[in-house]
Amino acid sequence: MLEQVVLTSLKILAVYVCFQEGMILAPVRRWLWRILPQVLHKPAFECLTCMGGFWTLVFYVLGRPACGLIELMLPVIGLNWLIAIWKDQFFIPHGGGY
């Protein structure tokens with residue numbers, strides 16, 4: 001199960017990185033910024049910790065892991081929070097909206 005948590009968290013980190021300015025999904029992020037309600041920005045592409053719940057659900061439905069959804073989602077959110085803290089301490093934030 002720990003392997004599944006780490007892999008899911010890394011997939012979410014990859015999605016987060018791809019949505020950053022200068023990356024391949026930056027145009028999609030700008031488009032989503034305009035069309036999605038603001039309450040959906042964080043779970044969709046803006047907050048690594050918030051993305052843990054939404055994207056774990058997406059990857060769970062697509063991959064059908066052996067463990068339960070909640071058993072997977074809670075540790076992924078926690079690991080993403082730790083990664084976000086580490087990221088914020090060592091890297092400059094991307095700098096806001098569009």
Closest non-hydrogen atom pair, [X] against [Y]:
| X | Y | result |
| --- | --- | --- |
| Arg29 | Phe19 | CD-O, 2.9 Å |
| His41 | Leu36 | NE2-O, 3.3 Å |
| Cys67 | Gln4 | SG-CG, 4.5 Å |
| Met23 | Val17 | CG-O, 3.2 Å |

When rounded to the nearest 0.5 angstrom, what distance separates [atom1] in [X] from [atom2] in [Y]?
| X | Y | atom1 | atom2 | answer |
| --- | --- | --- | --- | --- |
| Leu13 | Thr8 | CG | OG1 | 12.5 Å |
| Gln20 | Glu46 | CD | CD | 9.5 Å |
| Leu72 | Leu7 | CG | CG | 10.0 Å |
| Ile77 | Leu82 | CD1 | CG | 12.5 Å |

Please identify each residue that fulfils side chain to side chain contact (heavy atoms under 4.5 Å, CB included) with [X], with sequence neighbours left out.
| X | result |
| --- | --- |
| Lys11 | Phe59 |
| Ile24 | Cys18 |
| Pro43 | Phe54 |

Kindly work out whether a path of hydrophobic side-chain contacts (I/L/V/M/F/W/Y, heavy atoms less than 4.5 Å apart) joins [X] to [Y].
| X | Y | answer |
| --- | --- | --- |
| Leu79 | Met1 | yes |
| Ile12 | Val6 | yes |
| Tyr16 | Leu10 | yes |

request  = Could you tell me whether Glu21 and Arg30 have a side-chain N and a carboxylate O separated by less than 4.0 Å?
outcome  = yes
task = Supply the members, apart from Ile70, of the Ile/Leu/Val/Met/Phe/Trp/Tyr cluster built from side-chain contacts under 4.5 Å; use none for a lone residue.
result = Leu74
message = Considering only residues two or more places apart or on different chains, which pairs with a residue in residues 51-63 satisfy side-chain hydrogen bond (donor to acceptor under 3.5 Å, both in side chains)?
response = none
inquiry  = Tell me which pairs pass side-chain hydrogen bond (donor to acceptor under 3.5 Å, both in side chains) where either residue lies in residues 70-84, with sequence neighbours left out.
reply    = Ser9-Asn80
message = Are Phe45 and Val28 packed together at the side-chain level, in the sense that at least one heavy-atom pair is separated by less than 4.5 angstrom?
response = no
